Protein chains: 6
Amino acid sequence: MTRPFRMADLSWTDYRDRLAEEDPVVLVPVGAIEQHGPHLPLATDCLIPEAVCGACASRGGRLLAPSITYGYKSLPRCGGGQHFCGTTSVDAATLINQVKDMVREFARHGVSKLAFVVGHMENTWFVNEACDLALREARMLGLKAPRIMTVGYWEFLGEDTIRAAFGDTFPDWSLEHAGIMETSVMLHLHPSLVTMDRLRPHPPAKLPLWDMWPYDERLVPADGVLATAIGASAEKGRLFYDEYVATLSGALDTAFAEPAD
Amino acid sequence: MTRPFRMADLSWTDYRDRLAEEDPVVLVPVGAIEQHGPHLPLATDCLIPEAVCGACASRGGRLLAPSITYGYKSLPRCGGGQHFCGTTSVDAATLINQVKDMVREFARHGVSKLAFVVGHMENTWFVNEACDLALREARMLGLKAPRIMTVGYWEFLGEDTIRAAFGDTFPDWSLEHAGIMETSVMLHLHPSLVTMDRLRPHPPAKLPLWDMWPYDERLVPADGVLATAIGASAEKGRLFYDEYVATLSGALDTAFAEPAD
Amino acid sequence: MTRPFRMADLSWTDYRDRLAEEDPVVLVPVGAIEQHGPHLPLATDCLIPEAVCGACASRGGRLLAPSITYGYKSLPRCGGGQHFCGTTSVDAATLINQVKDMVREFARHGVSKLAFVVGHMENTWFVNEACDLALREARMLGLKAPRIMTVGYWEFLGEDTIRAAFGDTFPDWSLEHAGIMETSVMLHLHPSLVTMDRLRPHPPAKLPLWDMWPYDERLVPADGVLATAIGASAEKGRLFYDEYVATLSGALDTAFAEPAD
Amino acid sequence: MTRPFRMADLSWTDYRDRLAEEDPVVLVPVGAIEQHGPHLPLATDCLIPEAVCGACASRGGRLLAPSITYGYKSLPRCGGGQHFCGTTSVDAATLINQVKDMVREFARHGVSKLAFVVGHMENTWFVNEACDLALREARMLGLKAPRIMTVGYWEFLGEDTIRAAFGDTFPDWSLEHAGIMETSVMLHLHPSLVTMDRLRPHPPAKLPLWDMWPYDERLVPADGVLATAIGASAEKGRLFYDEYVATLSGALDTAFAEPAD
Amino acid sequence: MTRPFRMADLSWTDYRDRLAEEDPVVLVPVGAIEQHGPHLPLATDCLIPEAVCGACASRGGRLLAPSITYGYKSLPRCGGGQHFCGTTSVDAATLINQVKDMVREFARHGVSKLAFVVGHMENTWFVNEACDLALREARMLGLKAPRIMTVGYWEFLGEDTIRAAFGDTFPDWSLEHAGIMETSVMLHLHPSLVTMDRLRPHPPAKLPLWDMWPYDERLVPADGVLATAIGASAEKGRLFYDEYVATLSGALDTAFAEPAD
Amino acid sequence: MTRPFRMADLSWTDYRDRLAEEDPVVLVPVGAIEQHGPHLPLATDCLIPEAVCGACASRGGRLLAPSITYGYKSLPRCGGGQHFCGTTSVDAATLINQVKDMVREFARHGVSKLAFVVGHMENTWFVNEACDLALREARMLGLKAPRIMTVGYWEFLGEDTIRAAFGDTFPDWSLEHAGIMETSVMLHLHPSLVTMDRLRPHPPAKLPLWDMWPYDERLVPADGVLATAIGASAEKGRLFYDEYVATLSGALDTAFAEPAD
């Protein structure tokens with residue numbers, strides 16, 4: 001029988017005891033509420049890392065902390081942009097402070113291994129800034145900070161899997177928004193939340209190598225699908241998902257194996 | 001059949017259409033990850049308002065937005081204080097910015113009726129500050145702001161219900177932390193997350209009428225239960241819960257009935 | 001003969017010597033410039049705690065520091081709201097930083113016992129946030145922070161006094177704005193600043209249990225008196241005032257009696 | 001008979017009516033709690049501008065708003081520095097926000113002429129920054145901002161008066177801290193708060209033309225008197241004071257005479 | 001004869017006239033002071049984009065504004081990390097505000113086309129956040145904002161050039177820090193600032209796919225060269241440089257061709 | 001042969017070694033991009049302190065760090081005001097954070113003597129605030145802070161030189177904006193950037209002793225020259241410049257001579 005692994009479900013005494021007895025890695029998904037085409041739910045960037053982290057937690061004696069649900073603003077070239085209805089985002093300063101406050105708290109609890117697992121590419125740099133500031137603050141407070149890992153869950157996918165799923169048409173991770181990968185994983189994890197028959201074929205977004213402010217909304221497909229999701233399947237989704245769980249688990253083992261010195 | 005009412009589960013197109021067609025109230029629970037005694041989970045202040053708001057949404061054509069999960073710091077006199085392991089809180093500025101950013105986004109979506117339903121008393125004043133700043137910002141942007149309601153879900157409980165549940169021993173809402181009310185509602189909603197046999201009788205917290213910085217941790221019961229939860233039951237929980245849903249629904253109807261003008 | 005007790009009137013050398021010799025409690029009133037009906041001055045929330053703290057200081061060997069004059073924004077349900085002309089308020093961040101900076105300074109002076117005595121209910125949570133941040137900063141600086149008390153001066157009034165003054169009609173402290181209590185105390189302390197004959201009878205404010213943004217100004221009595229002040233008298237004021245001084249003095253003795261450890 | 005001129009003493013209705021009927025200049029002293037030698041009180045930088053502004057208000061139909069009591073940090077070369085016990089200062093950001101919030105409020109009241117009269121040289125640049133930001137914010141809000149004057153009360157003293165009071169030994173305004181001018185004015189205004197017999201002759205502070213961080217405290221006279229106050233008298237004080245009132249009144253007339261356009 | 005193209009060298013009247021007559025693109029390099037191995041100067045990330053932008057300006061009727069010299073903190077995986085002596089960086093908030101303030105000013109000047117050309121990869125996301133906030137502020141102020149492009153100067157290099165310069169060993173842009181590309185361009189532009197004989201062969205940095213806080217400094221080559229610069233030459237540098245100038249010029253033409261509408 | 005003295009040109013290893021071997025003073029010019037009349041370039045307030053500091057560095061074994069190029073907003077009475085096209089300024093908070101971040105970095109490098117040499121009078125108070133905050137932060141971090149000097153380069157000019165250059169018409173430093181001093185030094189340093197024949201005689205700015213928000217732009221000469229530059233010459237410029245270099249060098253020697261203790 002699996003022990004409980006969701007911090008949210010534990011009483012404070014159980015949580016305290018788990019930290020004291022096992023010194024587990026604590027995983028925090030950092031998602032977004034963001035348009036993911038007409039066929040995927042707004043919480044896609046939360047649901048996938050929550051599932052991946054949950055599996056890493058339940059199988060590996062780790063703990064899953066509640067997600068940071070609302071993420072940084074959507075950029076046209078990786079999330080379609082901030083003009084879509086439904087995308088509900090926070091400014092950089094808000095996300096930075098959210099993460100920084102949490103690190104201070106986990107440090108107080110005695111957590112020594114902490115991982116922010118990003119489900120929304122735009123969060124990455126601000127989570128990193130927060131970690132740097134949190135370490136600085138911990139030093140100021142004379143507080144032993146946890147070692148912290150920040151990582152996008154999609155980073156580890158092997159080339160074989162990519163080729164198996166995409167053939168020669170992998171569009172690059174930034175454009176893989178509401179596309180074959182995310183759609184497949186959602187078909188595997190939450191099929192009832194996916195409406196495949198709404199997908200219409202259209203070419204991928206043709207965004208330039210630069211960013212414009214304001215940007216031309218016409219360069220972003222009107223349905224918010226940056227690269228086609230046609231061809232997604234639960235089977236592919238299982239493939240992706242299993243590899244995410246396996247590679248993230250391995251990365252966590254590696255990252256937290258040796259003492260920081 | 002109930003229509004979907006969770007914003008997180010909707011695609012952006014469905015969400016957009018719901019707003020356009022029904023102009024629904026959008027409900028945002030504002031909870032906390034906070035110690036709730038040895039018998040209740042850390043997420044209690046999220047789980048209860050999520051359930052109450054979910055019922056108000058599903059029965060009333062409203063939408064339930066994802067919660068603000070991590071709340072403001074715990075005060076000794078209403079949450080036991082910030083020295084407990086597991087309590088994972090943010091500073092005032094973080095919560096204020098979180099709420100303010102969200103109001104800006106909902107305004108952009110065209111939401112005209114927004115309710116922040118507080119599940120953790122300490123959040124209240126900072127959510128209000130955020131709403132004031134958000135209206136100021138909306139005015140600056142020339143953006144039509146939603147009318148916003150902020151409320152604690154527990155506010156509406158009738159005296160009859162209180163007397164029925166507590167007899168003459170109602171300890172005041174601030175001390176009703178991890179006590180009979182919260183425990184009963186959790187027994188009704190999530191019995192598997194409640195461990196009643198861990199409860200030990202002890203007198204309620206005897207905190208003075210003032211706050212001290214730093215405070216004396218010895219004034220707070222060591223288990224985090226401010227007023228006893230012995231006597232809690234799922235039946236009482238159903239009573240509370242049903243009344244919360246009914247009174248909050250009524251309050252939403254009243255509050256958003258007439259145009260703000 | 002009374003020794004001087006106002007910090008503002010002391011030279012820095014006298015102040016330094018008093019701290020070194022007596023380690024006195026330093027009292028800081030935290031007031032507001034806020035409408036108090038047509039019959040009370042805008043500074044009412046400063047004048048009352050200044051008098052109460054002054055008496056606590058002069059009789060008890062304590063020191064009275066200059067007030068924080070401009071307070072947090074007025075809420076409809078405890079101060080009539082921010083739409084009144086004359087109400088001159090600061091944002092949460094401003095008040096928080098004001099208090100935090102002052103704690104840092106008092107710590108540098110060597111003050112070991114500090115009390116912020118709130119005269120305006122809306123200030124309370126932000127003063128508390130400031131104290132929490134100030135203790136965190138003191139820890140960062142390796143600075144010995146004072147023990148700090150935060151309290152509303154009205155908190156200690158006994159039920160007997162309430163009953164003697166209000167009979168059965170005590171409207172709750174939040175509505176007691178520009179009402180019988182404040183008016184009576186002002187008649188006792190500053191009769192020349194009170195204009196009783198401007199009072200017109202009207203029912204108390206009928207505000208809902210929630211807050212609205214923006215709120216409906218029509219729910220607030222147009223004159224800013226939330227609950228009637230008719231019936232106020234200097235005699236009642238003396239009663240209130242004497243009890244405030246006595247109970248606050250007692251509370252200070254209690255709060256600062258034992259070492260924080 | 002003088003009409004009331006202190007905003008703090010007015011009811012909100014009287015204040016509102018005064019604004020509507022007379023469109024008066026509103027004067028805000030911006031002082032400090034700062035060491036002023038062994039012979040002057042900590043509030044000297046509040047007391048002088050309050051008296052000067054009060055006279056300008058009472059004689060000229062203007063209104064005197066409550067002071068900003070706690071000012072910016074003391075610099076060695078104009079206030080002795082921040083190492084003195086009793087000096088109780090705020091950071092730049094705090095003072096800037098305090099002033100900015102107040103401008104927003106006075107603008108809402110309909111004040112069209114506002115003057116921040118600085119009593120502590122170190123405040124000057126931060127009050128100016130606040131005014132710039134406040135005008136920017138007013139523009140954002142579509143709010144008619146007042147025309148604002150910022151000025152040090154000492155700026156207008158004529159050379160004749162300086163020569164009459166100092167002979168050839170005027171040390172420059174920045175060193176005139178707790179010296180002949182401030183001491184004389186305090187002897188005129190508040191003789192009971194001045195203890196002349198504590199003054200000991202010593203040469204003026206010999207500070208370099210640059211600032212050092214940290215600075216060498218030994219360059220600042222240990223008693224905090226930057227240039228001698230020996231020779232101060234109530235008579236000189238009356239001379240200074242009368243000229244301050246007259247010249248500030250004239251400056252206010254000039255500054256607010258023509259429309260800003 | 002080339003007309004002056006450096007904003008810094010123009011008088012304000014010449015600058016004003018150029019804006020009015022030609023509506024030029026204004027280019028702002030956003031560099032860093034950061035270790036670039038033992039063989040390149042600390043200002044490498046300023047010098048290259050200044051040269052590229054200068055050429056784009058002088059040849060294309062554009063204006064070159066002074067650089068933002070101090071950039072965001074160095075990450076191990078693209079700049080070696082923040083533990084190197086000499087790397088002199090600012091926090092995210094500082095860079096964001098710097099860029100935001102500049103956009104406000106250029107908007108006031110009437111600049112309609114503005115490009116921030118990033119010379120230090122770590123700056124990218126914070127410059128983008130600044131642009132988003134600047135557009136929001138411009139909307140608040142009713143100020144016509146420029147259209148803004150943000151881009152890394154290295155983005156446009158064609159695959160042919162990469163292959164010609166690196167053969168099959170191109171290490172990815174993030175590792176190309178103090179490597180063949182930057183060294184070659186510096187040999188072309190500023191040969192006197194390059195000391196090739198200090199280079200020692202070592203394998204490229206072997207950094208994981210995730211970030212760690214704190215990171216293991218041993219994973220970063222001790223000399224700060226992430227991928228070898230051996231093989232760099234002025235000739236390759238000219239190749240790179242010419243292509244940067246040509247492709248950035250083309251990109252600027254494209255980006256600012258059509259009205260934003 | 002002069003050793004390199006520009007930090008920007010050094011490799012990190014050379015910079016590190018210089019710090020270790022010589023413990024040099026590091027000089028940071030703090031300039032502005034600001035109108036300087038029709039005859040001087042926008043970067044005048046950078047170019048002069050860069051030259052002065054460069055000479056102090058090259059002749060005295062000191063290091064010249066890259067300038068802070070964009071300075072605080074221009075005030076009418078010392079820079080003409082913020083309405084001029086070309087003046088490109090940052091808010092107080094931005095400049096404060098820029099300087100504070102840099103102090104943290106130089107402290108990390110092991111710099112023990114740091115001088116911010118101001119070229120734009122309006123920067124002064126904000127640079128000082130930054131230094132105070134930086135020392136506080138260094139104390140929090142347990143980081144040995146450098147001793148820091150802040151100074152305007154113009155402060156040291158002797159009365160003889162002033163009389164020699166201006167006769168009896170020295171207008172005070174604040175009005176000496178784009179006037180005889182700055183113009184002469186620029187004629188000495190960068191004659192190709194000065195266009196003397198654009199100067200038209202007009203009386204000096206007649207600004208009052210107070211500041212107004214908003215200010216009356218008509219009080220500022222339309223060309224931005226606050227006091228006439230007619231009469232400027234390269235010869236005078238050399239005189240000024242040589243004295244600046246000599247007196248600043250002397251001041252640096254004095255200021256950093258003795259240990260801070």
Side-chain angles (χ1 to χ4, degrees), chain A residues 72-73 75 77 82 89 91-93 95-97 103 114-118 121-136 138-139 145-152 154-157 208-218 247-248 251-252 254-256 258-261, chain E residues 72-73 75 77 82 89 91-93 95-97 103 114-118 121-136 138-139 145-152 154-157 208-218 247-248 251-252 254-256 258-261:
Chain A
Y72 181 69
K73 287 169 283 194
L75 252 64
R77 63 182 156 88
Q82 203 60 21
S89 312
D91 283 353
L95 180 57
I96 289 169
N97 284 328
V103 174
L114 184 60
F116 290 99
V117 180
V118 172
M121 191 180 280
E122 287 91 334
N123 291 336
T124 308
W125 283 83
F126 307 106
V127 173
N128 271 332
E129 167 70 353
C131 291
D132 183 66
L133 298 183
L135 292 193
R136 190 190 294 164
R139 177 173 167 183
R147 281 191 292 154
I148 313 173
M149 180 200 210
T150 61
V151 68
W154 62 85
E155 288 283 3
F156 305 109
L157 216 58
L209 286 165
W210 56 85
D211 294 297
M212 288 301 293
W213 303 94
Y215 55 88
D216 184 348
E217 299 177 7
R218 292 165 303 183
T247 54
L248 179 57
L252 290 165
T254 305
F256 293 113
E258 82 280 47
D261 188 29
Chain E
Y72 181 69
K73 287 169 282 195
L75 250 64
R77 63 182 156 89
Q82 202 61 21
S89 312
D91 283 352
L95 181 56
I96 290 169
N97 284 327
V103 174
L114 185 61
F116 290 98
V117 179
V118 172
M121 191 180 281
E122 288 90 334
N123 291 336
T124 308
W125 283 83
F126 308 107
V127 173
N128 272 331
E129 168 69 354
C131 291
D132 184 65
L133 297 183
L135 292 194
R136 190 190 294 165
R139 177 173 167 183
R147 282 191 290 155
I148 314 173
M149 180 199 210
T150 61
V151 67
W154 62 84
E155 289 284 1
F156 305 108
L157 215 59
L209 286 164
W210 56 85
D211 295 296
M212 288 301 293
W213 303 94
Y215 55 88
D216 185 348
E217 299 178 5
R218 292 166 305 183
T247 54
L248 179 57
L252 290 165
T254 305
F256 292 113
E258 80 279 48
D261 199 18

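Being a predicted model, the structure only gives us computed values, none of them experimental. Only heavy atoms go into these numbers, but all of them, side chains included; no hydrogens, no water, no symmetry mates. Naming: A, B, ... by sequence-line order, numbering from 1 per chain.
Note: E/T150 leads E/V151, E/T150, E/L209 in heavy-atom pairs under 4.5 Å with chain A. Ranked by non-hydrogen atom pairs under 4.5 Å with chain E, the options A/P208, A/A251, A/A145 are led by A/A251. Across E/K73, E/E122, E/E129, the residue that shares the most heavy-atom pairs under 4.5 angstrom with chain A is E/E129. Note on A/N128, A/T124, A/L135: by heavy-atom pairs under 4.5 Å with chain E, the leading option is A/N128.
For chain A, the nearby part of E/Y72 is the side chain; its heavy atoms alone come within less than 4.5 Å. If you measure heavy-atom distances from E/L114 to chain A, you find no contacts under 4.5 Å at all. E/R139 does not touch chain A: none of its heavy atoms, backbone or side chain, sits under 4.5 Å away.
With contacts defined as side-chain heavy-atom distances shorter than 4.5 Å, the pair A/M149/A/F256 qualifies. Looking at A/F126 and A/D91, their side chains never come closer than 4.5 Å, going by heavy atoms from C-beta outward. Between E/V103 and E/I148, some side-chain heavy-atom pair lies under the 4.5 Å cut-off. Looking only at side-chain heavy atoms (C-beta outward), A/W125 and A/I96 stay at 4.5 Å or farther from each other.
Contact check on A/R147 versus E/D216 returns no salt bridge, with no Lys/Arg side-chain nitrogen under 4.0 Å from an Asp/Glu carboxylate oxygen.
Both tests do not hold together for A/R77 against A/W213: distance to the six-membered ring centre under 6.0 Å, angle to the ring axis within 45°.
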